[in-house]
Amino acid sequence: MSTLQFYNSLTREKEAFKSILPGKVGMYVCGPTVSGESHLGHARPFITFDIVYRYLKHLGYQVRYVRNITDAGHFEEEGRESEDKISKKAVLEKMEPMELVQKYTNLFHWAMRAFNNLEPSIEPTATGHIVEQIVMIEKIIQDGYAYVVNGSVYFDVEKYHKDFGAKGMQYGILSGRVLEEQLETTRELESQDEKRNKIDFALWKNAAPEHIMRWQSPWGIGFPGWHIECSAMSTKYLGEEFDIHGGGMDLQFPHHECEIAQSAVCNHKIPAKYWLHNNMITINGKKMGKSYNNVIKLSELFSGTHEILTQGYSPMTVRFFILQTHYRSTLDFSNEALQASEKGLKRMWEAFSYLRKMSLSQTDADASNIELENKVIGILNGLEEDMNDDLNTAKVMAGLFELVPVINSIKDGKIDRNALSSKTLALMQGQFTTYLVDIFGLTDESKQDDDKLTAVLQLIGEIRKDARSRKDFATSDKIRNQLLAAGIQLKDEKDGGMSWELL
RNA sequence: GGUCCUGUGGCCGAGUGGCUAGGCAGAGCUCUGCAAAAGCUUCUACAGCGGUUCGAAUCCGCUCGGGACCUCCA
């Protein structure tokens, strides 16, 4: 029996996972900023952590999964025009900011459902937790690690680093950055610097009159800084110290580093034990991002309406594509790669469909092919080990694929049904279901055919069968070709039967 | 410029000292009236150079290439 291991960004090594409370896990994952439509890049963390969530549940843990919605505007970098990207776009689109946020939240949820991601236990919004954030900021000010300037509040990174570094919580502990170097290398920013130090970050930002998203605070009217919401909400719902904090690698610095500093001041401890970061999806080797102008929105991805795409890719194809790679590797997007996933998934799913419907004999006869039996059992038992090894979904998938020819050969009669014992066949059914359905969250995407269509096709199938038995291939081919043109593909099975697929 | 990661066959992508990844594509064969599907077989690898070792894709060094973060970002 292997045990679950995670690569912990905090310690930079693989560690055995042990929950703080036996049997219970608290997990916080940074959610989307709903100022725009979700894109392909968003698919990765939310599918990755959906797998983490599903796997922990599979292992029997009771998991509280918190994933926030960032719906409060974040300011841009100091030195640029100070603006809130949500409110800016709201003006452009002539919408209420909350209306805009709601629209993109809905779209995000639509995409998550399409991917068959389980809903988090709690999905808190930043705007719904302004009070908690203000309380936290007040505490940080009280303790002397933040200062107020012109209605804004900034975190004093240098003071924090000096005091908490002595307690083993230095600024840079997560990202491996050395503060002294940061102080030297941080770029010179233009003008109006209210901050004592360039690396200080905002906890609260004074809102200019034209700024639409605004709240009353002890320091005037403004809005929260871009890291405090996660600290406030994770503490509220998971406690001062919880098990897992997840997100994309790009959030490691500064976002998660700042979260640690804020929480450390308030709670005197690093908020999470295990920090998990998924790697990026790249397009032609470049990270996808707003600033690269190569963003494929999820709606475009599914429909194929983007100039990079030669066709649309279904949510399950995308999910499968992501699972075929380890989550800490970069994943390069291309039409070729997605088409490979589409075909691979189809083959896997068809084998699985046959396997799950296979009725097993009740007898306990031994396998007639011991070698094959042992090979199959070896692969099936190895899946858990691969999954426990920092969620090596790619390797699990490879193991399952090795069994596909076995299943198909049984189906085609090329391998005798008795080659494997019923016990092993049952194990195979169980493991395929567990991994593909329960843990990987894959679903059947084949178009549903209704009863009437089934009856019609059965009739047509019989007519065609008669024609074939008379060697009237002109008729049988006409039936097959015309149905294909109508989007129904007929397949003659080995056993003389016929199956069809709606294209 | 600083910090870090990475370079596997036509494409995607596991693997971290000796043992096969896997998917897709290509080729051949089998089955089939034909097709589709499926099965079997098969080809093209570990960026380059040097070192450590009985043995390296895997460890070390250098060279070259790619990327991430340092700024909103999944």
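All values below were derived from every heavy atom in this structure, side-chain atoms included, with hydrogens, water molecules and symmetry-related copies excluded. This is a predicted model, so every value here is computed, not measured. In what follows, chains are A, B, ... by sequence order, proteins preceding strands, each numbered from 1.
- Comparing B:rC46 with B:rG10, their C1' atoms sit 16 Å apart, to the nearest whole Å.
- OP1 or OP2 of B:rG15 lies within a sub-4.0 Å distance of a side-chain N or O belonging to A:Asn392.
- Only the P atoms considered, B:rA47 is 15 Å distant from B:rA21, to the nearest whole Å.
- When distances are taken from the side chain of A:Lys491 to each of B:rG33, B:rA37, B:rG23, the shortest belongs to B:rA37.
- Spacing between B:rU6 and B:rA38 at atom C1', rounded to whole Å, works out to 39 Å.
- Here the C1' atom of nucleotide B:rA37 and the CZ atom of A:Phe352 are 20 Å apart, to the nearest Å.
- You won't find any donor-acceptor pair under 3.5 Å spanning the side chain of A:Arg44 and the base of B:rA74, going by distance alone.
- A straight line from CG of A:Asp386 to C1' of B:rG15 spans 11 Å, rounded to a whole angstrom.
- Residue A:Glu371 qualifies as open at atom CD: its count of foreign heavy atoms under 6.0 Å is 12 or below.
- Between the CG atom of A:Asp332 and the P atom of B:rG13 there is a distance of 6 Å, rounded to whole Å.
- Counting to the nearest Å, the P atom of B:rA74 and the CZ atom of A:Arg67 are 13 Å from each other.
- When both distances must be under 3.5 Å, the Watson-Crick or G-U wobble mate of B:rG17 does not exist.
- Put simply, CD1 on A:Ile410 is 12 Å from P on B:rG39, counting in whole angstrom units.
- At B:rG39, one or more side-chain N or O atoms of A:Arg347 fall inside 4.0 Å of OP1 or OP2 (strictly under the cut-off).
- Only the C1' atoms considered, B:rU41 is 16 Å distant from B:rU20, to the nearest whole Å.
- Within 4.0 Å (heavy atoms only), A:Met249 reaches no atom of the nucleic acid at all.
- Between the side chain of A:Tyr274 and the backbone N or O of A:Ala16, at least one donor-acceptor pair lies under 3.5 Å.
- Atom pair A:Gln252:CD and B:rA74:P shows a separation of 16 Å (rounding to whole Å applied).
- Between the side chains of A:Thr48 and A:Asn278, no donor-acceptor pair of N or O atoms lies under 3.5 Å.
- Using a 4.0 Å heavy-atom criterion, one finds that A:Ser329 contacts the sugar-phosphate atoms exclusively.
- The side chain of A:Trp226 lies closest to B:rC73 when the candidates are B:rC73, B:rA74, B:rA14.
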One pair to check against side chain to side chain donor-acceptor pair (under 3.5 Å): A:Thr310 and A:Gln339. What are the steps and the verdict? CA-CA 10 Å; A:Thr310 55; A:Gln339 279 159 18; 3.3 Å; yes
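- Pairing for B:rA45 is absent, with no Watson-Crick or G-U wobble pair whose two atom distances lie under 3.5 Å.
- When both distances must be under 3.5 Å, the Watson-Crick or G-U wobble mate of B:rC40 is B:rG28.
- Heavy atoms of A:Leu490 sit under 4.0 angstrom from at least one base atom.
- In this model, a side-chain donor or acceptor of A:Arg480 finds a partner on the base of B:rC34 within 3.5 Å.
- A gap of 15 Å separates the C1' atoms of B:rG65 and B:rU8, to the nearest Å.
- The shortest distance between the side-chain N/O atoms of A:Lys343 and the OP1/OP2 oxygens of B:rG23 is not below 4.0 Å.
- Nucleotide B:rA57: unpaired (no Watson-Crick or G-U wobble partner with both distances less than 3.5 Å).
- Distance from the side chain of A:Gln324 is smallest to B:rG23 among B:rC12, B:rA74, B:rG23.
- Within the structure, a side-chain polar atom (N or O) of A:Thr33 is placed less than 4.0 Å from OP1 or OP2 of B:rA74.
- In terms of modelled atom types and a separation under 3.5 Å, the side chain of A:Thr317 and the main chain of A:Glu342 share no donor-acceptor contact.
- Rounded to the nearest Å, the gap between the C1' atom of B:rA56 and that of B:rG39 is 36 Å.
- Comparing B:rC73, B:rA35, B:rG13 by their nearest atom to the side chain of A:Asp250 picks out B:rC73.
- The side chain of A:Thr330 places no N or O atom within less than 4.0 Å of a non-bridging phosphate oxygen (OP1 or OP2) of B:rC5.
- A:His255 has its ring centre no less than 6.0 Å from the ring centre of A:Trp226.
- Remark: P of B:rC24 and CD of A:Glu350 are 12 Å apart, rounded to the nearest angstrom.
- If you check B:rC69 for Watson-Crick or wobble pairing at under 3.5 angstrom, you find it paired to B:rG2.
- Taking atom CZ of A:Phe321 as the reference point, atom P of B:rC12 lies 10 Å away to the nearest angstrom.
- The side chain of A:Ala340 approaches B:rC24 more closely than any other nucleotide in the set B:rG39, B:rC24, B:rC34.
- When Watson-Crick and G-U wobble pairs are counted only if both distances are under 3.5 Å, B:rG22 pairs with B:rC12.
- Applying side-chain hydrogen bond (donor to acceptor under 3.5 Å, both in side chains) to A:Asp389 and the options A:His326, A:Lys14, A:Gln5 leaves one that passes, A:Lys14.
- Side-chain proximity of A:Val404 to the nucleotides B:rG10, B:rG39, B:rA74 is greatest for B:rG39.
- One C1' atom belongs to B:rU71, the other to B:rG15, and the distance between them is 36 Å to the nearest Å.
- For the P atoms, the distance from B:rA68 to B:rG13 is 15 Å, rounded to whole Å.
- An aromatic stacking contact links A:Phe473 with the base of B:rG33, defined here by ring centres under 5.5 Å apart and ring planes under 30° from parallel.
- The distance from the CG atom of A:Leu238 to the OH atom of A:Tyr28 is 8.5 Å, given to the nearest 0.5 Å.
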